[in-house]
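The figures that follow rest on heavy atoms only: side chains count, while hydrogens, waters and symmetry mates do not.
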Amino acid sequence: MPLVIRKRCLALLAILLATLACQEEHSLLPEGVPVDVPPGFPPLPVPEDNPLTPERIELGRHLFYDPEALSPNGTIACASCHRQERAFSDALMLSIGIHGRKHWRSTLPLANVAYAPHLLWDGSFASIEQDVLATLAAPTALGWPDTATFADRLRQLPHYREAFRRAFNAEPSAALAAKAIASFVRTILSASSPYDRFQRGDTTALTPQQRHGLQLFFRVGCAECHRPPLFTDYQFHCNGLLAHYWEPGRSAVTGRPADFARFRTPSLRNVGLTAPYLHDGSLGTLREVLQRYNSGGYPIAAKDPRIRPLRLSNEDLAALEAFLHSLTDSSLLHNPRYSRP
Ligand code: HEC
Ligand code: HEC
């Protein structure tokens, strides 16, 4: 008997140590790195080949806001479409890039992007670094003809030579710029909404109507895809809110017909600031989105079976909408760490 107990204790101790070791490996950021992972959030994933350092984050922030460095004609930067006061999204249906060229999708907000295992509405990129390189070259975004021309521009701007030396001990290049910008984007975290204060024990943080909306959010199944604390499952679904899908969504990436019209579940954090909605920005208000969910969406083949008529009253819809507004983190909009330098 004592032997068994000892064995169990040892096993427990081993599990405990393993857990501690795992936590340390992921969540301990190097000293001086200005990132506070919110309580209740998973450890911040950081790629091994691009560790966060204050110098990289700061350089990334400068580039993010700098049209002279980021676009061939000096007119547009990341911040033109990802605006801090809109939770790093914009107010447009479809985003507009260099020379007024229209993208076919709505701009995604940038809070908590570090946690996304795949990026964009269709999940086509695996890392923020990859996304930045593609955005630099995209004719509908920054429009550089090639990475060498972009690197030349950076080398012509004396303050960047110095900043790249401090951050990477190297000359400016597109790959290093992507690393710096990705580092900055990775630090943009958002978890100080009234909902978060409620979760941390402040029962006055939500109004009675918002608390009712929170209950409904779980009861009618929204939380299955928009899963707290990040309010997304990062999976691909068709919610059938549109009568027609003009683009293939996830199936463009996988080639599987079953993925037609599936999109990565968007996070609902700060959703009160990111209208218009859906991948094509075609729904103007949260109320419109909720009404379509309430009616069960359109009868299209790809629709997830969990989207079905909800038969909620107008009062219930108003409560759900009020709850969605409780996910707005107004500190994100003013946090000087994320602001234009
Ligand atoms: C012309 C407007 C525009 C510019 C400029 C722009 N973006 Fe975006 N961004 C978008 C759009 C639109 C999407 C969604 C595209 C899609 O899903 O196909 C997006 C998506 C993203 C995503 C994915 C977010 C997620 O949740 O998957 C990241 C990260 C991102 N942009 C970062 C940046 C950075 C960094 C820059 C500057 C180097 C930048 N963007 C410049 C419009 C823009
Ligand atoms: C089966 C998974 C699933 C369920 C269940 C679900 N959603 Fe969604 N939701 C999605 C997907 C996927 C999108 C994006 C679809 C698109 O762009 O075409 C989305 C989009 C949204 C948007 C627009 C967000 C934006 O940034 O554009 C809101 C708001 C929303 N859902 C709220 C809800 C609410 C409220 C419920 C419960 C009534 C719910 N969702 C249930 C998967 C789901």
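Checked against the 6.0 Å centroid threshold, Tyr195 and Phe217 do not count as a close aromatic pair.
In this structure, the side chain of Arg292 does not engage the main chain of Gly240 through any donor-acceptor pair within 3.5 Å. Looking at Gln210, its side chain does come within 3.5 Å of a backbone N or O of Ala322 through a donor-acceptor pair. Side-chain atoms of His212 never come within 3.5 Å of backbone atoms of Phe323 as a donor-acceptor pair (strictly under, hydrogens ignored). Between the side chain of Thr265 and the main chain of Thr232, no donor-acceptor pair closer than 3.5 Å is present. Of the possible donor and acceptor atoms, one in the side chain of Arg86 sits under 3.5 Å from a partner among the backbone N and O of Ala275. For the pair Asp202 (side chain) and Arg197 (backbone), a donor-acceptor distance under 3.5 Å is absent. In this structure, the side chain of Glu224 does not engage the main chain of Gly221 through any donor-acceptor pair within 3.5 Å.
Contact record, Ala261 with Cys238: O-CB, 3.3 Å, taken as the closest heavy-atom pair. Of all heavy-atom pairs spanning Asp329 and Ser192, the tightest one is OD2-N, 3.2 Å. Phe150 approaches Ala69 most closely through the heavy-atom pair CE1-O, 3.2 Å. For the residue pair Phe184 and Phe64, the shortest heavy atom distance occurs at CE2-CG, 3.7 Å. What you find for Ser326 and Pro194 is that their closest heavy atoms are O-CD, 3.3 Å. The shortest heavy-atom contact between Gly296 and Lys303 is O-NZ, 2.6 Å.
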Next item on the list: Kindly determine whether Leu242 and Asp280 satisfy side chain to side chain contact (heavy atoms under 4.5 Å, CB included), including the steps that lead there.
Entry: CA-CA 10 Å; Leu242 301 178; Asp280 62 353; 3.5 Å; yes
Note to self: Run the side chain to side chain contact (heavy atoms under 4.5 Å, CB included) test on Leu92 and Lys102 for me, step by step, so that the C-alpha distance in whole Å, both residues' side-chain angles and the decisive distance to 0.1 Å come before the verdict.
What the structure shows: CA-CA 10 Å; Leu92 301 171; Lys102 233 183 205 170; over 6 Å; no
Next item on the list: Check the pair Leu70, Ile181 against side chain to side chain contact (heavy atoms under 4.5 Å, CB included), reporting the backbone distance first and the verdict last.
Entry: CA-CA 11 Å; Leu70 280 197; Ile181 297 173; 4.2 Å; yes
Next item on the list: Please step through side chain to side chain contact (heavy atoms under 4.5 Å, CB included) for the pair His62 and Tyr160, ending with a clear verdict.
Entry: CA-CA 9 Å; His62 276 80; Tyr160 280 118; 3.9 Å; yes
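Ring pair Tyr234/His118 is perpendicular by interplanar angle, where above 60° counts as perpendicular and below 30° as parallel.
Summarising the geometry, atom CG belonging to Leu176 is positioned 9.0 Å from atom CG belonging to Asn50; distances are rounded to the nearest 0.5 Å. With values rounded to the nearest 0.5 angstrom, Phe263 atom CZ is found 4.0 Å from Glu247 atom CD. Taking SG of Cys225 as the reference point, atom CG of Asp304 lies at 5.5 Å (rounded to 0.5 Å). For the atom pair CZ (Arg269) and OG1 (Thr274), the distance works out to 13.0 Å, reported to the nearest 0.5 Å. The structure places OG of Ser106 at 7.0 Å from CG of Leu94, a figure rounded to the nearest 0.5 Å. Rounded to the nearest 0.5 angstrom, Asp259 CG and Thr254 OG1 are separated by 3.5 Å.
A 4.5 Å side-chain heavy-atom check between Ile57 and Pro54 finds every atom pair outside the cut-off. For the pair His334 and Ser339, the minimum side-chain heavy-atom distance is 4.5 Å or more. Taking 4.5 Å as the limit, every side-chain heavy atom of Phe164 sits out of range of all side-chain heavy atoms of Ser173. Using a 4.5 Å heavy-atom threshold, the side chains of Leu136 and Thr147 count as separate. Put simply, the side chain of Ile98 reaches to within 4.5 Å of the side chain of Thr75, judged on heavy atoms. Contact check for Val253 versus Arg250: side-chain heavy atoms found under the 4.5 Å cut-off. Using a 4.5 Å heavy-atom cutoff, the side chains of Leu214 and Leu206 are in contact. The side-chain heavy atoms of Ile188 and Leu332, taken from C-beta on, include a pair separated by under 4.5 Å.
Annotation: His159, atom NE2; neighbour count of heavy atoms from other residues, nucleotides and ligands within 6.0 Å is above 12. Applying the 6.0 Å contact sphere to CD of Gln130 captures more than 12 heavy atoms from other residues, nucleotides or ligands.
Salt bridge annotation for Arg166-Glu58: absent, with no cationic side-chain nitrogen under 4.0 angstrom from a carboxylate oxygen. The pair Arg165-Glu55 fails the salt-bridge criterion, with no side-chain N (NZ, NE, NH1 or NH2) lying under 4.0 Å from an Asp/Glu carboxylate O. In this structure, Arg219 does not pair ionically with Asp316, as no charged nitrogen and carboxylate oxygen lie closer than 4.0 Å. Between Asp66 and Arg153 there is no salt bridge, since no side-chain nitrogen of the basic residue lies less than 4.0 Å from a carboxylate oxygen of the acidic one.
For Asp152 and Thr149, the side-chain atoms include no donor-acceptor pair closer than 3.5 Å. At a cut-off of 3.5 Å, with distance as the only test, a side-chain donor of Ser190 or Asn270 sits close to an acceptor on the other residue.
When each of Arg61, Glu129, Arg56 is paired with Ser183, the side chain to side chain contact (heavy atoms under 4.5 Å, CB included) condition holds for Arg56 and for no other. When each of Arg262, Arg264, Arg105 is paired with Asp122, the salt bridge (charged side-chain N to carboxylate O under 4.0 Å, His left out) condition holds for Arg105 and for no other.
Side-chain heavy atoms closer than 4.5 Å link hydrophobic residues (I, L, V, M, F, W, Y) into clusters, and following such links, possibly through other members, connects Ile128 to Phe125. The hydrophobic clustering, which links ILVMFWY residues whose side-chain heavy atoms are closer than 4.5 Å, places Tyr115 and Val113 together. Ile300 and Leu283 fall within a single hydrophobic cluster, where Ile, Leu, Val, Met, Phe, Trp and Tyr side chains are chained together by heavy-atom contacts under 4.5 Å. Phe218 and Leu290 fall within a single hydrophobic cluster, where Ile, Leu, Val, Met, Phe, Trp and Tyr side chains are chained together by heavy-atom contacts under 4.5 Å. Both Leu52 and Leu63 are members of a single hydrophobic cluster when ILVMFWY side chains are connected at heavy-atom separations under 4.5 Å.
Under the rule for a side-chain contact (heavy atoms from CB on, under 4.5 Å), the partners of Asn239 that lie at least two apart in sequence or sit in another chain are Leu241, Tyr245, Leu278, Tyr293, Ile307.
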